[in-house]
Amino acid sequence: MARKKKTDPGKAVEETTQRVGRQIFAQLERRTPSIFERRWWDDRILSWAMSDESVKVQMFRFIDVLPMLHTRESITRHLQEYFDEVRTHFPKTVRLALDVSQPDSLLGRALAFGARSNARRMAERFIAGTTVDEVLTSVSQLRRRGFAFSLDLLGEAVISENEAELYQQAYLDLIAGLAPTVNEWQENTKIDVDPQGPVPRINVSLKLSALYSQFKPIDPVGTSAGVKERLRPILRQARENHGYVHVDMEHYAYKDLTIEIFKQVLMEPEFRDYSDVGIVIQAYLPDAERDLADLIKWSKKRGTPVWVRLVKGGYWDFETVHAHAANWPIPVYQQKWQSDAAFERCTRILMENHQYLRPAFGSHNLRSLAHAIGWAEELGIPKNAFEIQMLYGMGGEPAQLFAEQGYRVRAYTPFGEMIPGMAYLVRRLLENTSNDSFLRASFAEDVSVENLLMKPDDVGAAAPPLEEIPMPEFVNEPLTDFSRPESRDAMQQAIDEVESQLGEDYPLVIGGRRIDTREMIISRNPADSAQVVGKVASATDDDVLNAIDAARDAFRLWAATEANYRAEYVELIADKMRERRFELAAWMVFECGKPWADADADVAEAIDFCNYYAGHMRTLAEPQQCDVPGEENTYFYKPRGVVAVIAPWNFPLAILTGMTAAAIVAGNTVIMKPAEQSSVIASKLMEIIEDVGIDRGVVNYLPGVGEDIGADLVGSPDIALIAFTGSQEVGLAINEQASVADDRQLSVKRVIAEMGGKNAIIVDEDADLDEAVVGVMHSAFGYSGQKCSACSRAIVHEAAYDDFLQRLVGATESLKIGKPTDPATAVGPVIDEEAQQRILETISEAKEEEIEVALECDLGDLAESGYYVPPTIFCDVDPDSTLAQEEIFGPVLAVIRAADIDEALEIANGTRYALTGGVFSRSPETLKRVRQRFDVGNLYLNRGITGAMVNRQPFGGFRMSGIGSKTGGPDYLQQFLLPVNVTENTMRRGFAPEPDAEK
């Protein structure tokens, strides 16, 4: 008997998809809102925004900043600034109002009032309410329309443990407040019952990162513990009140950890049989199908199903831009049809495994939803066994139609403060008015039903190929993505291996010979002063002379080496560093107290310096011709000679490598004098230099005490150039000594010196405080404030001052202070006992001057083991005080009040330094003004001021912050070179040969 041929289920599903989709569209055409309904006018505004990209961007920027605008003047001013660029896109009456309105005029007051009230009205459409009573009213209305709900709390980003506790309490209060009323509602079997039994009426959605302010994928163990401690009470509260808890998904870096915490807590005995829980899977991630398979396997093991809300994903722009900026693989599909196709594949997986993962489909794409219904019919899954979910305030007519057809439709319903909730509103509006949005295509651009219901793979087949973003010639070395377990494992393994090598001896290296000395530098772990990292030979005056002789002897041959070969050697150094990346980072963790991410970034920057300078030298090596008939003129560069590189400890590999690589790729030879505190790391660089085969004597490793050998090194007549990074005091002393000519000198010494700063961040009245607080905090306390770019002063507009200070204190006291070997550590020790005592004395002196302390963190037992200084914030600091004028180089921040942006700039510029600075403002005019008036070498707008990258942000300042051109920039390498011009007369007895003929 012949076996019956199996029919293709996909074909049947597609037929159902087309039928259901066309039915929905046919009914939608008869269900448009009336001109007398407020929603009709709202839709017209959105439709107008969808049709004009420039207006959309400016309108949404204004909505985003509105919560921080507290006066008519500021509202009117921002309206005029934002829409100035696109005023020609507005009707004449609107242009006239923007042009002539003054804040105190009747028109100005009306404009400001209308802008705020219209934005609030728009927010009320998408946000269900502020209080429990308002939320109850909104969800009651939803229920009368036949919809279920899921409530999501809006508001400020959680940046402190206090804010995380408030977030948790808001959900506990919400569940307890809704339960008495919601659980007494008359049963609606369509939305209150599924094949498994009763469906909870109380349904909340939350973000795990908001339950713990120190949510860090680099620290999965600590993060999991912190999140679960606050998640468990919410799960208990929900279970006791017959409620449901859904875990939302955020950006990609948090995805794996979010899923893992979800699985861990639900495998605990208390919650293992709790089925009224769920999690989001984002179909725009190629990981989605693998994650679903993993959840199915886990659910089977657990023995109790969970829900999965399948969505496309709401962070596409962020993920794409962030990945490009970091030079990481882009984690999301790059074309909409790919996400749509993945959504349909995931839909099939969910429907075929609905007994383990109960499906909920969150989408406004009617093709996607019709396809889910197609699989339900094909597999015989009841209508009430899955859900359709849509955003509150969007897609009302389709939602109503699905509800009328017997499907459970749940409205994802944000609640919270209306004005702070604007950030959510902006994201939702942007997401649904993007060029690829289904809502935009169907309701604003009149795309045909046939095209809207086309299979995603068919759309892809007809789509033009994706244009690749052109890569620049130089690409920065990517930072390590510590959200990936393989990266964390590699770093931990390196730390373990390096720890087993601590305490070894390190000799000088002069002319290729290893030299031991009687005196030794004992390098100690600043996090554990009893632990010796290494014992390093300490050079004497004789060693200095020998090193200079070796470098001078090696110079002629090295200078004659082709620039391309020198560049290849430097690129080989970069390759070796890349191979030893985690090991080098681990050495910095132990010797300099750098947390994981800071240590990794140091290695990446060292690699960047090598590759950037190698490429730049190849360009500079090409002679420049300026020929005329009878005369040839050639302009080229030659190396200077022997270079003394005097490096700091705070970027012990990056800065040392950068100065050394620049010198040798230009054809110079080097005496490499590292800081005493980081001489072991410098020895590792010397190992690499020797491994790549650079000639002996080209680089000489000369650790030693600066007070003992510095003068001989700087004062030698054979030193052509000194490259220095360190304190202003030492830098000026070097410059002074180098300026005194010795009769034996053949040239004037060149000094390149980067000498620190008293860096300020200005926070304007309209700043996004979520970003400003975090930006200031990380800039001030990252690596314990020991970056030359660190923020030492926060100058805050008085309108934002109190809120900013309160949130800054809360965020800072939530930071983990600990040992750098712990991946959770945000703030480690300072470099040594001398630095510790100096900083503590500064704090003590400020207290004696009765400067108010807003925060002084508790160190606990750490103070007994290492060189720790508590992160300290002083407030209402006098701009002229010592605290606000002198570089501290530690975790101490002065917060200064300013009446307006002009006073803030005057304060910011009121020091001897001009290194880095930052401004958080959403006023285009303010940003334009500070570009012109903020006197710093590196100015950062609406971001932190640390973390400069080679080529992107060439680093260096002026005034008393430095001498010379910016490191990692197009002018830096020329400082190590001498320009030469050669002119040749090519006339021979009245005849000048053609240039080509002579060649």
Side-chain angles (χ1 to χ4, degrees), residues 9-10 13 194-197 205-208 217 220-221 223-225 227-228 231-232 235 239 244-313 331-333 339 341-362 371-372 375-376 378-382 385-387 389 481 483-489:
V13 169
D194 73 3
Q196 308 299 320
S205 294
L206 53 80
K207 296 175 179 63
L208 296 190
V221 175
T223 297
S224 297
V227 169
K228 286 188 282 190
L231 179 59
R232 292 185 188 103
L235 293 173
R239 194 167 194 177
Y244 172 99
V245 176
H246 199 91
V247 172
D248 275 337
M249 199 60 70
E250 301 171 74
H251 51 87
Y252 181 70
Y254 287 6
K255 188 256 298 178
D256 287 348
L257 184 52
T258 296
I259 293 174
E260 188 59 31
I261 293 171
F262 176 80
K263 293 193 297 185
Q264 287 177 6
V265 77
L266 292 175
M267 286 296 280
E268 294 175 1
E270 181 181 2
F271 304 113
R272 187 160 182 168
D273 62 344
Y274 185 30
S275 61
D276 294 323
V277 288
I279 193 166
V280 165
I281 291 294
Q282 298 160 310
Y284 70 3
L285 298 176
D287 293 356
E289 291 161 84
R290 185 193 66 203
D291 290 338
L292 280 177
D294 182 65
L295 280 171
I296 291 167
K297 182 179 178 181
W298 168 81
S299 180
K300 291 177 179 178
K301 181 179 178 181
R302 181 175 182 249
T304 307
V306 298
W307 285 85
V308 166
R309 177 193 297 148
L310 183 64
V311 302
K312 302 286 172 61
V332 295
Y333 288 117
S339 298
F343 190 95
E344 295 192 1
R345 294 194 300 272
C346 292
T347 294
R348 177 174 184 173
I349 294 171
L350 280 172
M351 286 302 200
E352 290 177 339
N353 294 275
H354 68 278
Q355 66 272 42
Y356 309 113
L357 302 179
R358 300 162 76 179
F361 302 100
H371 181 262
W375 273 108
E378 173 67 19
L379 298 173
I381 298 172
F386 64 96
E387 291 188 354
Q389 298 190 358
D481 181 0
S483 71
R484 315 312 304 160
E486 59 272 19
S487 298
R488 297 193 299 270
D489 291 345

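The structure presented is a predicted model; accordingly, all values stated were derived computationally and were not measured.
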Next item on the list: Kindly write out the residues that satisfy side chain to side chain donor-acceptor pair (under 3.5 Å) with Gln196, not counting sequence neighbours, or none if the list is empty.
Entry: none
Check: Who are the side chain to side chain contact (heavy atoms under 4.5 Å, CB included) partners of Val311, not counting sequence neighbours?
Finding: Val280, Gln282, Arg309
Notebook entry, point to check: Roughly how far, to the nearest 0.5 Å, is the CD1 atom of Ile296 from the CG atom of Leu357?
Noted result: 5.0 Å
Check: Can you name the side chain to side chain contact (heavy atoms under 4.5 Å, CB included) partners of Pro485, sequence neighbours left out?
Finding: Arg488
Checklist line | Approximate separation, where rounding is to 0.5 Å, of Asp294 CG and Glu260 CD | finding: 8.0 Å
Check: Under the salt bridge (charged side-chain N to carboxylate O under 4.0 Å, His left out) test, which residues partner Arg345, sequence neighbours left out?
Finding: Glu289
Margin query: Give me the atom names and distance for the closest heavy-atom approach of Ser299 to Val306.
Written below: OG-N, 4.4 Å
Note to self: Can you give me the closest heavy-atom contact between Trp375 and Thr347, atom names plus distance?
What the structure shows: CD1-CG2, 4.3 Å
Next item on the list: Tell me, please, which residues at least two apart from Pro286 pass side chain to side chain contact (heavy atoms under 4.5 Å, CB included).
Entry: Tyr333
Next item on the list: Check the pair Met249 / Ile279 against side-chain contact (heavy atoms from CB on, under 4.5 Å), numbers first and verdict last.
Entry: CA-CA 7 Å; Met249 199 60 70; Ile279 193 166; 4.1 Å; yes
Check: If you measure from CD1 on Ile259 to CD on Gln264, what distance do you get to the nearest 0.5 Å?
Finding: 12.0 Å
Check: ring pair (Phe, Tyr, Trp, His ring centres under 6.0 Å): which pairs involve residues 254-281, sequence neighbours left out?
Finding: Phe215-Tyr254, His251-Tyr254, Phe262-Trp298
Next item on the list: Could you grab the distance from atom CD1 of Ile381 to atom CG of Leu350, nearest 0.5 Å is fine?
Entry: 9.5 Å
Next item on the list: Using the test salt bridge (charged side-chain N to carboxylate O under 4.0 Å, His left out), find all partners of Asp489 that sit at least two apart in sequence or belong to another chain.
Entry: none
Next item on the list: Only counting residues at least two apart or in another chain, list the ones meeting side chain to side chain contact (heavy atoms under 4.5 Å, CB included) with Asp481.
Entry: Trp328, Ser483, Arg484
Notebook entry, point to check: About how many Å separate CG of Asp256 and CD1 of Ile261, when rounded to the nearest 0.5 Å?
Noted result: 11.0 Å
Item checked: Lys255: salt bridge (charged side-chain N to carboxylate O under 4.0 Å, His left out) partners, not counting sequence neighbours -> Asp287, Asp291
Next item on the list: Run the numbers on Thr223 and Leu257 for side-chain contact (heavy atoms from CB on, under 4.5 Å), then give the verdict.
Entry: CA-CA 9 Å; Thr223 297; Leu257 184 52; 3.6 Å; yes
Next item on the list: Would you name the heavy atoms of Trp307 and Pro359 that are closest together and state the gap between them?
Entry: CZ3-O, 3.1 Å
Notebook entry, point to check: Within the distance-only criterion (no hydrogens, no angle test), does the side chain of Thr304 pair as donor or acceptor with the backbone N or O of Arg272 below 3.5 angstrom?
Noted result: yes
Margin query: For Arg239, give me all partners under salt bridge (charged side-chain N to carboxylate O under 4.0 Å, His left out), at least two apart in sequence or on another chain.
Written below: Asp273
Check: Can you tell me how far CG of Asp248 sits from OG1 of Thr258, rounded to the nearest 0.5 angstrom?
Finding: 10.0 Å
Check: With sequence neighbours left out, which residue pairs that include part of residues 349-358 fulfil the side chain to side chain donor-acceptor pair (under 3.5 Å) condition?
Finding: Asp194-Arg358, Arg348-Glu352
Notebook entry, point to check: Given the rule in the side-chain contact (heavy atoms from CB on, under 4.5 Å) test, do Leu285 and Tyr252 qualify, once you have shown the distances and angles that lead to the verdict?
Noted result: CA-CA 8 Å; Leu285 298 176; Tyr252 181 70; 3.7 Å; yes
Next item on the list: Locate the shortest heavy-atom distance separating Ala288 from Cys346; write the atom from each residue and the value.
Entry: CB-SG, 3.9 Å
Next item on the list: Output all residues satisfying ring-ring contact (aromatic ring centres under 6.0 Å, His included) with Phe361, sequence neighbours left out; order by chain, then residue number.
Entry: none
Check: Between Val265 and Arg232, what is the shortest heavy-atom contact and its length?
Finding: CG2-CG, 4.1 Å
